[in-house]
Every structure is written in structure tokens, then in C-alpha cells.
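Here's the structure, in C-alpha cells; my notes come after.
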Number of protein chains: 2
Amino acid sequence: MSENEKPKVHTLSKDEGLTNGGNNVSSNVSDEMTEKFDLATVYVSDAQYNRNSVFDTSPQTVRLYLLYNHWFMQTLVYVFIIVNLALALFEDPAVVPLPIWATSTTEIICLSAFTVRMIHYAKIIPKDKFWKDPKNICIIVVVTLSFIDLTIYGALKSTGYFAIRWSRVLRPLLLVNVTEGRQLRRAFRSIRNALPQIAYVFLLFMFSVLVFSLVALKLFGKRGLLTIDGSPYFTDYVDIVFDLYVLVTTANSPDVMMPAYNYSDSFTIFFILYIVINIYTFMSFFLAVVYSNYKKHLKEEVRQLVKARRFKMCRAFSLLQEARGEGGEPVVTQAKWNHLVKLVKPNISIAHRELLWSVLDDQNKGHIGKFAFVQLADLLSIQVITVKSQPHPIHICFPSMYNSPVSRFIRYVVHHRMFVHVYDLIILVNAVFIGLDEENPVVSNAEWGFLVLYMLEIILKLYATEPRAFFARHHFWNWFDTIIIVSALFGTIINSALKHSGGYTGRQILDIVFILRVLRLIRLVDTIKRFRAIINTLIKIGPTILTFGQLIVVVYYIFAMVGMELFKGTTFAKLNYCKNNFNNVVSSFIVLLELTVVNQWHVLTSGFTAVTHISARIFFILFHIVVVIIIINIFVAFILEAFLVEYTVDKSDLQTSLEKKIEELELNVQQDGVDTGLVDAMESNDNELGPSEAAKQKPSLMFKIASRRSRTVDGLLQRMFETEIHPEDFEEEEPENINFSNPVFDSV
Amino acid sequence: MSENEKPKVHTLSKDEGLTNGGNNVSSNVSDEMTEKFDLATVYVSDAQYNRNSVFDTSPQTVRLYLLYNHWFMQTLVYVFIIVNLALALFEDPAVVPLPIWATSTTEIICLSAFTVRMIHYAKIIPKDKFWKDPKNICIIVVVTLSFIDLTIYGALKSTGYFAIRWSRVLRPLLLVNVTEGRQLRRAFRSIRNALPQIAYVFLLFMFSVLVFSLVALKLFGKRGLLTIDGSPYFTDYVDIVFDLYVLVTTANSPDVMMPAYNYSDSFTIFFILYIVINIYTFMSFFLAVVYSNYKKHLKEEVRQLVKARRFKMCRAFSLLQEARGEGGEPVVTQAKWNHLVKLVKPNISIAHRELLWSVLDDQNKGHIGKFAFVQLADLLSIQVITVKSQPHPIHICFPSMYNSPVSRFIRYVVHHRMFVHVYDLIILVNAVFIGLDEENPVVSNAEWGFLVLYMLEIILKLYATEPRAFFARHHFWNWFDTIIIVSALFGTIINSALKHSGGYTGRQILDIVFILRVLRLIRLVDTIKRFRAIINTLIKIGPTILTFGQLIVVVYYIFAMVGMELFKGTTFAKLNYCKNNFNNVVSSFIVLLELTVVNQWHVLTSGFTAVTHISARIFFILFHIVVVIIIINIFVAFILEAFLVEYTVDKSDLQTSLEKKIEELELNVQQDGVDTGLVDAMESNDNELGPSEAAKQKPSLMFKIASRRSRTVDGLLQRMFETEIHPEDFEEEEPENINFSNPVFDSV
């Protein structure tokens, strides 16, 4: 540690004295302090995780609120939601049929859990706020309706009547309206905000389809043309509209135009115009409308989010502030700050905390003002990795052996570039062997050789690098390699053991072993810098893709439930599609995925329409509009925006200040120089430790910004528009609309 | 006209005196002046149209240059290019076969025309510049190669050998490299600039496809599964890669996964992962890469364009400048300026010119400095419509009748909103009648009724509005209506005449009449404001869509020529697709369009592959990469950007200053208030004249900014980034890289 760090360690011990000493003087004062710290902790962590609940500030409520936001409680809620959603697997039409009493009991347990959670929440939130919040009302309504439906269904079934579990459609709403579903609600809000404009473009698009259909009717209707299956071509207006709508999905191109084309070349002009206008222009227009709205709306949301966050930090500040000097600005002392940070992030290392303080208190005054204090929430969300350069365990146990020339040579070789290249070559050779027939004894024996080589690589690396550093949390590829190789080793051993014992062939295990073998090849990507940059961007977008995953699950679930009621028991054998049906929730999801990909859309649609009723088309068109036109476009809009942000916004100012401090303190780990190319602003690699030789001349404790990654979706969103929000502009008053995170059911 | 305009009219007459007076004093001075004006004119119009040729400034060359840029010469070049491209229709394999001597002669004429044009250009441009310009070299090479190919082909054919017209592939390059093809070259440059980055993403994407294919081979290869046509499923690695590549186009979804799905539900996980990663994520990523590059590159291009434009305007200024006072800044007098504007835009109205001057010389000094002068090129590209409120001709001939209460009432009714609504209703009823069977006598008679109603509408409108105002150039819908109705009237009359005369049924005429009838319905769009806004944005994007049209023609043409050589004479009857072939250029284009839409991609591809060779797949995959992955994404990127610009950038500052001036002079036509909604920044409507009652109290001459539309692509592009370019920042030196418009063949 550098010289000027020492006084702070001293302050730290003063801080310890603060709480202890407080106890001695007066337990009342201490209690009051503790309560204040509790409340401040809540404010800071609310700011950090962008929670927007308005709670009573009484000490008891604060404790209840802390319990409510405990990770265990939050996980439990999600477990119950998943169980509740998964019930669809066991309810009629079931994948694995279970008796009604079993599913009903499970559902009652889940619903009770939600009720308890709701009561817990009601105890924290002021009454008037609680009842004004649409998401609470939504949960209460869903839970109540589910209970009612369950009762009616049970009663009807037991008396032998026909009954529908209609409340199942409502289940995914719980996922949306639960307190933790902020990201999902935001995604829905994006959609809702874009809806009016999408609607106008959609109406114009439909007008265009209708006009084209009318032209088609007049041009082709009287010509007596036949489709390939012998039915009359373009004679009924409603059918033409449907066929041309399907053409927009491209699913029936070019079949829909073949009869006209076979009749006359000039009729293709009609279809070319249709394709250019309705497929390319209008579909791009949908994307443009969604994208521009998404961007606009996101900006506003993030602005409010930052405002709310600052407001909360100001509150925390006012709890801990004390006047410094006469008429001086109120400040927070380092002792109090340290205590707060320890409460907010219990497992933060002392070094990390010292680092944060030195960033905030850059003039080394021992106290910070409001402006610096407010930055704490942002600083805490930056992942700083504390790298301790500890000596290797073998070095401690057998220092002479570890420093022997042979050992030094081995370590030199392992850290050499050629070592990586040799293993890349081995992987490539391995890829060829994987492609070959594994029943050939040469190939299956070679596999053992490869396994040994890979194991050797890991062991060598562990020998050359300190194991705790090797398995540091952010060394993704080290973890990846080790898990894949060890699993493959076990799999191969089990497999050959089973083989030799005869009898059972263990096809499943073999499949897994095959997949593991192929997955090893992925590591090749990591050796090419530009690929690594792309992969890093993909990983960064990852969390938000998960949000969209939830969104898709919600929409699919609702459509699957409705679809199952409409189409269950219907199958059609065309094109071997008998498994594409709505006979259970898994099949339904797969059919819906196929409908999302859009190809053969008309075959699937007409299949279901044929066995039910022509109006079933409405279900499929609705699905197309919701998923393909809206959700997929929102997804593309997100990827676009995320990519552009990665590309243009280098990193947030705060991160830079932290990095500057790390550099100042000369504690930074040297990062590999990254080629400026494909993605200048994409991040530098963080998956390889600097050579240990270089590390020796460095201080034993080093910091590193964790890959400049904004790991949370909020962080990424915030970065998107951070440049446009003034850091000095923070408000004292409560933001006008603190409830902005729940307007899924607001009026438009 | 307002008071302060009068002195300028006086100045105008001074201006007339300038040239006449000049002649009297000395013809040498006048000649010199004329030459200077000629040169200045060239600079200004080069700046206005963003031409970047560097020419000699000798008077003779300037005159040659003016001839070179004459609209007639430019049109002629395009005619020859089109004729040259259209030769493919008549050459073997031909749509309309012509003898070889006919097509060869035509081609020789075209090639000679290009040669003459090239020689003309060489006379204008300094030698060294000429030979450094890749587009000139490209044209020379293409023309030379075409001559050589033509000679070889003629010789071989006449001696009965097999010959290929390989130079036909090069023809579209003329379209790209001709001086006027600036937009097209820019589009190609956008693509070329995005290529390196697309390549990296594409390689990673292919790596992903290869890895997935390997997993598929291991998972499904040994299971003995069969596809629907009984062939083994996923047993050959190369076939798997191809099948999974096709899945990315979505063309074989869900068929490709059905055998695996039918075997086991859990195998769908493989396909779901594949679809999420390779279809949704990577395809969005392609769009993101293309979009971000497009944006970045465009910005740089426009920046250079604006620089070059300012440089040219500065040159023009320095030709006409004169020192004002001692040590004063050089200025250009109004007289000279007027003369220049008349030369640049011969058909500009005096009023319009006065308006422009009053914008530039806002302090009414009688002369302008460099900064104001430079703005001329931008001002000239803003379309200002001069609206003269003339009395109605009937009013002049029969004033008493025109002002009679009945006549007044009619005019009141026609201008009333209800008049529009009544006709909207009539159109709706008409739509229903169009949908009905036209062989029903009631329906066919009703058609006459509708025609009369529509004719009546036009006549009434012409009665109520001054005809010249009604048919003003910017009144799109008036023109549209009149043309459609009159054509429909003539068509219907001819049709029924033919019908009554018996014999010939005139199916073609009937088709046209039907289409005209349906087209009438489009006018409905115009009555809904939000639709009008969307349509206006579409119209604005129009010119650039035309550029993309050229781009597509170039790419299609090249692929069609290659495809015809590879696949001519091959057809396959599957799915009635026998007309989908490469047997002539029209069929080829249609097949390529079908391949662009991507559906049934594998059916078409495998059809051609089956009749030729498996390696034909390369041709189709290449086409997919070029058109679907690159060009379509560039197109979407353009629409996105154009939409966002329309949405966020209100209008350029210059337009605002012009508008302000118009407002100041109280000469602006009151525009209909436009609802702020869908497209706030989309433009207000300009298709309806204000009520004539209101116009009466207005001055007789009014100006109007033509719909704030940037009618040229350059204008739109410039607006995109104008806000980021400082207006004051203009350079005296020649921009570093004046040749930036021709780097299609630069090294990367």
C-alpha cells in the first residue's frame, strides 16, 4: 500500500470506536444512530438497485423493509412464481398428468405465498400509496380470481361438469407485477408507449393490404386461375386479404404468386410492388417507429430513474450529515461513511472501501459533501476486483523446488504465447477428430489423448498461476475450461465403464459427452481479439436478453393457454407435423416458436384452422402482430441501441474517475493492449492475468475495473443516456412521479 | 408587397443596367465579367448539386463543362445506359430474340456514346486528375473489355464455336461509375466501409453455425432418423452445415427440426438455442453493425460534402467580390448577385430572388459578405413556392355571376369540411361496389354514377379555386385525382364502346380501368392527418429508395448474368415452379427477388443444385450474404436513420431563417394547423390551399416553403447531420480529399 493510505487505516479504527463508544455513553443515542444508519442503508441500497418503493421511515418498518428485500425472500418469490407457472405441465392437457388434488394443493400454496408477500408489502408501504399502486391491485386481483377459478373448477369437476381453468391465462401477470419485475415492467412500458404510433402505421399498412387485395380480386378473380392444389385462385376477397397478409410474413412466397406468374409475366409487377411496399418498406417502418419510441421513452425513464436515485441518496445524506465549522456546508465524516458502506455491502473488502473513499474525497479532507456522497450508489455498482498477488502455495511449501530452473522454465513456457497457440492447434485437430466416426477405435482412443492434453494444460496453468487468481470470479474462460474438461473426463470414464460392464449403453451420457467435447472448441473464439470483442458485447447484452426472455415467456404462456383451450386434441399429419399441436404446454411453446420464426406459418395456421374454424386465423394473426411485429422489433431495437452505446459512449464518467484514482495509486493491473478495430469502444479483455513476472514488481494489492461491464440492465440503460444528464442537476424535492415504475395499467 | 421591398426593385433595374452598360464601356471588360460570371455560375451550381469535378478554369473549359452538365447530356447518358442494360432482354437467352447483328450494333452505339462522353470529360478535367480518378479508369476498362468481348464473341459465333458474353456482367458498373451516379457510389461506399466489420461478425456467426453443425452431427447422425422424403437425417457434416445455414434464412423452419422433434422433445432445445442465437441475435447484430457503420460513415461524408460545397462557394465569392470602403471586408453587390442567381437558376421568379436576397442581406445594406454569400447554395435548394392569388377566370369574365349568392353558396359548400367528408363517404361506398361482381348490371351502371360524381367534384373545385392554384406543382393530390378520374373516364368509355361494338373484349383496358378505380380509394388516406404524415415521410424517403433501387438493379443484374450462364435451360417442376428459372433476364430477376424474400429458398436452391452441381449452392449462399445480410440491412439502416432524422431534427436552420423572413414579410400562406401527434416533426400538409375567403385579405403574392421537404437525397443526408456541423467553420483551402466521391475502387 502506498504511503498516503495509512492515515485512513487509522480513521478506520476510529470508526470502530464510534459504535462501541456510542454504546458506552448512551444506549439511546446509539439506538438512534443505529436506526439512522439502518434507514440510510435502505436508501443507499434502494438507490443502488433502483427500487422505488415509498415506505414508512419508522425503525420497525425499515427492518421489515430490509427483510422484504432480503435476497432469500426475493428468491423464494421467484421459486413460487416458477412453480405456479410450471403447473401447466401437470394440469390437463398435461405433459405429465397429475391428479387434480395435487396441482390444486400446489397452486393454493403458491397463491398463499403471494398473499403473505402482499401482506408483508402492505405493512411497509403507507396505505394510500399501496392502494394507488396498480401492480399491487393487479396481484390481488389475479390471486383472488385464481382462488375463485380454482373453487369453481373443483366444484364443477367433482360434479362431473365441463370446466375451464380460465385463470391460468393470468398467471404470468404475477411475474410482471411482482416488486422485483422492474425490468420486465419497463419492457412492457416501452411496448405500451410505442403502441399508439405502431397502431397508426399498422392501420395504414392494413389499408395498403386491403387496397392491394381489391386490385388482386379485380385482376385475378375472373380469370379462372387455379392454385397448385386445384382450388380457385384469388376469388374471395377475405381469402385474398388473408393470403396477402401471409405474404407479408413471407411464409407463402413465392407460391402465392405462381398461378398469376404462370398465367402472365406482367402480373409479377403486382407482387413486386406488394413486396417492396408491404414487406420491405412497411416492415422497416415498424422497426423505425418501435426503435425511435423505444429510444425516446428509455431516455425519459432513465432520467427519472437517475433523479429518483439522487433523491434517495440526498435523503441518506441528510440522515448522516453534520455541520462542519461555522456556516460550513453539511458533510459526512469518513467514519460514518465507512460504517454505512459496511452495512450496505457487508462483504466489501477494506481495500475496496478505501479506494472508493479516496475517489470521493480526492482532496483527503476526511469528510465529503453532498455532491460526492450522492455518487456512492453509482460507485458501488461498478465492479472493482481486488487482486491480491499472493505467492503460489507450492512456492510456500517447496520454495527451492518452485524456483528451480526447470520449474522456472515450465512457468515461462506456460506464460508464453506459443503455449496458447499450440493448444489452439490441438483444439483444431480435436475438432477434426470429433467430426470423424467415434466408433472407429483410433478416434475413440485419440479422445483419451486429447483429454489428457487438456488436463495437462489446466494443471500446468495452475502450477504457473496462483490458484486463487486462476479461479477468480471474473476469469470466465478458466472456469469454462475447467468445468468442461472435468465434466468431459467424468462423462467419458462413466461411459466407458458402462460400455465395459456391457448391457446399458448410456446414450444420454454419450450425448452429453459429445456436446461437452464440441463446447471445448468455443475456446478458439477467445484467442482472436476481434471475436472476443464481439463476444464481450454479446455477454454484456446478455442480462437484457434475459428480460426479453421473460417477456417472451409471458406472451407465449398467455397464447399457449388460450391456444390449448382452442385447439387441444387437434392434430394434422401434413408434412409430418403431427407433433406441432396445442396438446400440452411444451408442444404449444414449440408451435408458437415456429410461428415466431414465421416460415410455414400458413401451413401451421391453415392446419389448425381446418380442424377448428376459419376464425381461428384471428388468434394466429394476433400472435403475429404481438410477437413478430412488436416484440421482435423491440428486441432488435434494444440490440441496436446497446450496440450503438457500446460503440459510441466510451464509459461513464464515474467509472473513469475511479479508474483515474486506481492509476494514480499505481495499483492498476496492466491490461493487455487491445487492438483498436471492429469495436473500438468494446471493452478490453479481462480474462487473462498479466504475466506473473511483471506482477512481481507491483504492489501486492491491485485493483481492476471488472471489464468495464455494466452487469445490470439498469446500468447499461443508464450509460445509454448518461452523457445527456447533468451530474450537478439534483433535486431536493421528491420526484414528481415516484410511481413511474408501475404504469403497466395506467391510462394512456 | 411591403414598403421596404421597393428600393430593391429599384436596385433590380440598376442590375439590368450593369450588363447593358458594361457592353457600352468596353467589350473586353464585359467579356471578362461574363467569363467570371460563367465560372461563378459553375461553382454555385456545382455546390448546389454537390458535384466534385475539378476542372480547368479557362473560359473554354468552363463552357465545355456547362455543356457536360447540361440536363440533356445527362439524360442522354442515362438513356444509353438503360439501352445497354436492356440489351439483356434481346440477347441469348432472350425474352424477345433479336439477331446478333442488331444487338451488337446497338451495343457498339452505346459504347461509342460512353467513349465520346469520356473524351468530353477528359477535355474538362486536368490530365493528372483524370487518370487518378478510379471511376474514369473503370469506365474505360469496362468499355474496352466490352469491345474486346464483342469482337471475340462475334468471331467465335460466326465460326460456329461456343462463346460466352462474359462482359455483360460488367455493364452495371457503368451505372455506378458515370459522373451522375453520386448517390449510388455513396451507397456502395457505405457498404464497402461496413464490410470489414460485417466480415468479423459473419465469421463468428459461421463459427457458431459450424459448432452447432458438429453438435448436430454427434447428436442426430447415429440415430438413423429419416427426413420426410426418406433420406437420412443429419448424417453428412457439409449437408448439416448447409441445412443449418438455410435455417438462418428461416426457409426450412420447422421442417428441418421435425425428425429430431418427432424422435424426442428434448432435441428441440438444440434448435431453440440455434434459433435464438443465430437467427435473432446474430441477425440483429448484423443490422446493428451495418447501421452503426452507415451512420458513422455518412456523417463523415456529409461533413466533407459540406466542406467542399463551402469551398466552391468561397471561390465563386472571390470571383465576384469587391472591396467596400477602406480595409473593409470584401463584399458582393446585389446587382452582381442578382445576375449570378439569374444565371444559376434562369427560371427563378423575381419575387423569389428578392426574397432570397432579403434573407441574406437582412440589414438591407445592398451588399453581402462571404458568410451570407456561402449560404446561397443551400437557400437555392430549398423549394419556395410563389403563390400568386389571382382572381378566378370566371370572376374576370362574369363577375356578377361569380359573385351571385348562388355562386357564393356553391363556393362556400365546396370549401366546407363536409364536402370532403361527403366525398370520403362516396369513396367508401364506391369501394364496396368495386368489390362486387362487375358483371351485375346494377354495379356496372353504378360505376357511371360514381364517375359523374367524381367529375362533378373536380369541376366544382375548379370553380371554387383558381385553376392555376389548383394545378400548382405541389398539389399532389389534385393532380392525382384529376389524372385518375379522367383516365378512368376515358377507359370506361373505350371499354363500353368496344363492348357494344362486340367482338374484341379489351381485357387489358378493363384491367387498367379496374386498377384506376381502386387507386381512387387511396385518396382516403389523405383525409386522415396522421396517415398523411406517415405518407409524407414515405414520400420524403422516396428518392433514396430509388438509389437503393439502382443498387439492387446493379447487384441483381450481375447475379442474373452469372446465373443465366450457370443455369440456363434448367427447369424443375416441383411445386409448379417451372417458371422460376434463369432462362431469360426477366425470369432471373424474379427468381432473385424470390430468393431475396427468402421463403422457399431451399426449394429453389435445391432445384437448381439438383439439375447442375452441388457447388451451385455457393452462388446462392453468396447471393444471400450480399443481398439479404448486407443490402437489405443497409436499406433498413437508411429507413431507420431517415425516420429518426424526421423525428428529431426539426428542420435545418437555413430553412428556418427563410421561413422567418417569409413570416416577417407577412407573405406566408396560412398553413392548416397540424395535430401534434404521431410524427410531431413530420411535416404539415401542403396539399390544400387555405380557404380563398381568407386569402382575399392577404397580399396578392405569397411564398410558401415547399413542404419542408428535402427533395434530394443529398439534402436529406445533409439534414441528418447538419446540427453537428458548425456553420461558421468554413475553409479557404481546397478540402484535402476532393476525390472522396470515387473511392469505390480505393484500397481499404
Side-chain angles (χ1 to χ4, degrees), chain A residues 197 200-201 204 207 211 214-215 217-219 228 237 250-255 258 261-262 265 268 272 275 279-281 284-285 287-288 291-292 431 434-435 511 514-515 518 521-522 525 530-531 534 538 575-577 579-580 586 590 593-594 597-600 635-636 639-640 643-644 647 678, chain B residues 197 200-201 204 207 211 214-215 217-219 228 237 250-255 258 261-262 265 268 272 275 279-281 284-285 287-288 291-292 431 434-435 511 514-515 518 521-522 525 530-531 534 538 575-577 579-580 586 590 593-594 597-600 635-636 639-640 643-644 647 678:
Chain A
Q197 302 202 7
Y200 280 105
V201 178
L204 194 63
F207 180 77
V211 169
L214 202 53
V215 174
L217 178 70
K218 293 279 112 179
L219 279 185
I228 190 165
Y237 186 66
T250 76
N252 59 358
S253 154
D255 309 79
M258 286 321 289
Y261 182 28
N262 286 330
D265 278 6
T268 50
I272 291 171
I275 287 170
I279 299 188
Y280 291 108
T281 310
S284 307
F285 228 63
L287 177 62
Y291 178 59
S292 75
I434 293 171
D511 281 347
F514 282 147
I515 293 170
V518 178
L521 307 182
I522 294 177
V525 170
R530 288 178 189 252
F531 284 178
I534 299 169
L538 281 176
L575 284 173
N576 228 352
Y577 281 1
K579 264 195 120 177
N580 290 330
V586 173
I590 293 172
L593 178 78
E594 289 168 8
V597 177
V598 154
N599 201 64
Q600 302 289 31
F635 177 75
V636 175
I639 298 231
L640 264 181
F643 188 89
L644 287 181
Y647 211 89
L678 168 58
Chain B
Q197 302 203 8
Y200 281 106
V201 179
L204 194 62
F207 180 77
V211 168
L214 202 53
V215 174
L217 179 70
K218 293 279 113 178
L219 280 185
I228 190 165
Y237 186 66
T250 76
N252 59 358
S253 155
D255 309 79
M258 286 321 288
Y261 182 27
N262 285 331
D265 278 7
T268 50
I272 291 171
I275 288 169
I279 299 189
Y280 291 109
T281 310
S284 307
F285 228 63
L287 178 62
Y291 177 60
S292 75
I434 292 171
D511 281 348
F514 282 148
I515 292 170
V518 178
L521 307 182
I522 295 177
V525 171
R530 289 180 187 249
F531 284 178
I534 299 169
L538 281 176
L575 283 173
N576 227 353
Y577 280 1
K579 264 195 121 176
N580 290 329
V586 173
I590 292 171
L593 178 78
E594 290 168 8
V597 177
V598 154
N599 201 64
Q600 301 289 29
F635 177 76
V636 175
I639 298 229
L640 264 182
F643 188 89
L644 287 181
Y647 211 89
L678 168 58

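Lettering of chains follows the sequences in order, A, B, ..., and the numbering in each one begins at 1.
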Tell me which of these, Asn252(A), Asn580(A), Val598(A), Val586(A), has more heavy-atom pairs under 4.5 Å with chain B than the rest.
Asn580(A)
Within-4.5 Å side-chain heavy-atom neighbours: Asp255(B) and Tyr577(A):
yes
Quick one: of Asn262(A), Ile639(A), Val215(A), who has the most non-hydrogen atom pairs under 4.5 Å with chain B?
Asn262(A)
Identify the heavy atoms of Gln600(B) and Ser253(A) that sit nearest to each other, and give their distance.
CG-O, 3.3 Å
Leu640(B) versus chain A, heavy atoms under 4.5 Å apart: side chain, backbone, both or neither?
both
Of the listed Thr268(A), Val211(A), Ile590(A), Val636(A), the one with the largest count of heavy-atom pairs under 4.5 Å with chain B is Ile590(A)
Rounded at 0.5 Å granularity, tell me how far CG in Leu217(A) sits from CZ in Phe514(B).
9.0 Å
Quick one: what part of Leu219(A) sits under 4.5 Å from any heavy atom of chain B, side chain, backbone, both or neither?
both
With rounding to the nearest 0.5 angstrom, report the CD1 to CD distance, Ile275(B) to Glu594(A).
8.0 Å
Find the distance between CG (Leu214(B)) and CD1 (Ile434(A)) and round it off to the nearest 0.5 Å.
5.5 Å
Distance, nearest 0.5 Å, that separates CG of Leu287(A) from OG of Ser284(B):
9.0 Å
Side chain / backbone / both / neither for Tyr280(A) at chain B, heavy atoms under 4.5 Å:
both
Check whether any side-chain N or O of Tyr261(B) sits under 3.5 Å from a backbone N or O of Lys579(A) as a donor-acceptor pair, and report yes or no.
yes
Here the pair of heavy atoms bringing Val525(A) nearest to Phe207(B) is CG2-CE2, 3.1 Å
Chain A contacts, top residue of Asn599(B), Ile279(B), Thr281(B) (heavy-atom pairs, under 4.5 Å):
Asn599(B)
